[in-house]
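First listed ligand is number 1; within each ligand, the first listed atom is number 1. Index from 1, following the sequence. Any value given below was found using the heavy atoms of this structure, including those in side chains, with hydrogens, waters and symmetry copies removed.
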Amino acid sequence: MTTGKDIGFAASLLRAGDVVGIPTETVYGLAANAWDPDAVLKVFVIKNRPAFNPLIVHIGNWEMLGEAARDVPPLLMDLAKAFWPGPLTILVPRSEKIHDLVTAGSDLVALRMPRHPLTLTLIETCGFPLAAPSANPFGYISPTTAIHVARQLGSGIPYVLDGGPCTVGVESTIVRCNDHGEIEILRSGGITAEQIAAITGKLPVTASHETGPVAPGMLKSHYAPRKPLFLGNPAELLLRYKNYKVGVLSFRREFAGNNINCCKVLSPSGDTVQAARNLFAFLRELDDTDAEILIAEPLPEQGLGIAVNERLFKASAGNLQI
Ligand code: TXA
Ligand code: MG
């Protein structure tokens with residue numbers, strides 16, 4: 001396995017039905033030709049991903065939207081026009097070119113145009129869209145650099161296109177148009193509810209996590225480090241776990257204490273955009289220390305804080321300590 005910036009080489013692998021790690025503005029993806037079910041199957045096998053969990057199809061231009069979707073509800077089209085290329089995924093009725101494997105049998109396909117120059121050029125060069133989940137083993141922390149991908153999936157894939165560190169750092173926001181004609185957020189991500197409201201004139205509703213056809217990324221434990229992670233007030237959690245060696249992931253300020261092995265501060269200036277960009281890389285760093293447990297501080301529920309908290313909550317698999 002190698003990493004590099006050779007778009008021609010990446011395209012030749014994809015044309016031959018192979019998989020390639022690709023950069024996006026959110027997280028790195030593990031890509032295959034979306035029209036080729038044999039290639040898509042490799043993605044599931046390499047990620048150890050259950051077949052019931054469908055993949056996002058990444059398009060490189062507006063013609064590909066017409067090829068992949070049967071039709072696009074006007075509200076979702078407004079959002080795509082406003083935020084593509086960018087961290088928004090829309091769920092729309094699929095065309096006959098989309099194989100069952102890609103959508104796990106659903107009539108809806110998840111589409112997005114990523115905002116990364118290397119990957120947009122790659123898709124244009126290939127001439128087909130790329131089905132790609134995040135390039136991490138199923139359930140583990142998402143990768144935000146080519147090295148993260150190489151370390152975890154390296155032996156299983158021939159090439160990672162290295163586009164540098166991801167600028168957004170959390171996955172795309174997934175939306176659909178529900179039966180009441182409202183925009184519904186299935187997964188919070190790089191586009192906030194307020195940004196959506198600025199286009200549609202109405203705050204989107206949030207899908208209940210308990211019921212309904214929830215995106216399987218909503219599985220309870222996800223984005224998780226190997227070490228147990230506890231989410232809550234760090235000062236209180238540090239007292240409670242005083243007999244453990246602890247790694248701390250805090251929002252603005254450094255925490256000190258005898259039992260702290262390492263403390264990573266997501267954004268000393270309190271910027272949720274910067275915090276989102278650092279989230280997964282810092283979680284990985286803490287997971288690689290010899291701390292026994294991890295403690296994470298929730299962000300304020302505003303801006304990208306909502307998307308970050310959703311991931312921390314899943315990474316803690318519900319070990320909420322507040
Ligand atoms: O930012 C992102 O969205 C990144 C980059 C690589 O584009 N991709 C990503 O993919 O996060 P993944 O597979 O890790 O998460 C995609 C989520 C999953 O929760 C999946 O269940 C949901 O999207 N999804 C995909 N297709 C769907 C469909 N047809 N219906 C409902 N949910 C779908
Ligand atoms: Mg993922």
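Hydrophobic clustering places Ile293 together with Leu237 (ILVMFWY residues linked when any side-chain heavy atoms are closer than 4.5 Å, directly or through intermediates). Under a hydrophobic-cluster definition in which Ile, Leu, Val, Met, Phe, Trp and Tyr are linked whenever side-chain heavy atoms come within less than 4.5 Å, directly or via other members, Ile306 and Tyr223 are assigned to different clusters.
Taking every non-hydrogen atom of Pro133 and a distance limit under 4.0 Å, the qualifying atoms of ligand 1 come out as 10 (O), 12 (P), 13 (O). Using a 4.0 Å cut-off to heavy atoms of His58, the atoms of ligand 1 that qualify are 5 (C), 6 (C), 7 (O). Proximity to Leu91 (heavy-atom distance under 4.0 Å) selects the following atoms of ligand 1: 27 (C), 28 (C), 29 (N), 30 (N), 31 (C). Close approach of ligand 1 to Ala110 is summarised as follows: ligand atoms under 4.0 Å from at least one heavy atom of the residue are 25 (C), 26 (N), 27 (C), 29 (N). Distances below 4.0 Å separate heavy atoms of Gly29 from the following atoms of ligand 1: 6 (C).
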Could you list the donor-acceptor pairs under 3.5 angstrom formed by side chains in residues 74-91, with sequence neighbours left out?
residue	atom	partner	partner atom	Å
Trp84	NE1	Leu88	O	2.9
Thr89	OG1	Ser172	OG	2.8

What pairs of donor and acceptor atoms, side-chain ones from residues 35-42 against any protein atom, are under 3.5 angstrom apart with sequence neighbours left out?
residue	atom	partner	partner atom	Å
Asp36	OD1	Asp38	N	3.0
Asp36	OD1	Ala39	N	3.3
Lys42	NZ	Gly17	O	2.9

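Geometrically, ligand 1 and Ser134 share a nitrogen or oxygen pair separated by less than 3.5 Å. The shortest N or O to N or O distance between Ser172 and ligand 1 is below 3.5 Å. Geometrically, ligand 1 and Tyr28 share no nitrogen or oxygen pair separated by less than 3.5 Å. Residue-to-ligand polar distances keep Glu171 apart from ligand 1: every N/O pair is separated by 3.5 Å or more. Residue Lys47 has no nitrogen or oxygen atom sitting less than 3.5 Å from a nitrogen or oxygen atom of ligand 1, judged on distance alone. Residue Thr103 has no nitrogen or oxygen atom sitting less than 3.5 Å from a nitrogen or oxygen atom of ligand 1, judged on distance alone. Taking distance alone, with nitrogen or oxygen atoms compared against 3.5 Å, Val170 stays at or beyond that limit from ligand 1.
Within the 4.0 Å heavy-atom cutoff, Arg94 does not count among the residues contacting ligand 1. Residue Arg176 places every heavy atom at 4.0 Å or more from ligand 1.
Under the 4.0 Å criterion applied to side-chain N and carboxylate O atoms, Arg311 and Glu171 are assigned as salt-bridge partners. Arg187 and Glu310 are not joined by a salt bridge, as no carboxylate oxygen comes within less than 4.0 angstrom of a charged side-chain nitrogen. With salt bridges taken as basic N to acidic carboxylate O contacts below 4.0 Å, none links Asp288 and Lys227. Between Arg94 and Asp100 there is a salt bridge, with a side-chain nitrogen of the basic residue lying less than 4.0 Å from a carboxylate oxygen of the acidic one. Taking 4.0 Å as the cut-off between side-chain N and carboxylate O, Glu182 and Arg176 do not count as a salt-bridged pair.
For the pair Ile123 and Gly60, the tightest heavy-atom approach, listed with the atom from each and the gap, is CG2-N, 3.5 Å.
When Val43, Asn53, Ile56, Val92 are checked for heavy-atom proximity to atom 20 (C) of ligand 1, Asn53 turns out nearest.
With a heavy-atom cut-off of 4.0 Å, Thr26 touches ligand 1 through its side chain alone. Only backbone heavy atoms of Leu55 (N, CA, C or O) come within less than 4.0 Å of ligand 1; its side chain stays farther off.
In this structure a side-chain-to-backbone donor-acceptor pair under 3.5 Å is present from Ser316 to Phe313.
In summary, Ser134 places an N/O/S atom under 2.8 Å from the Mg ion (ligand 2), meeting the contact criterion.
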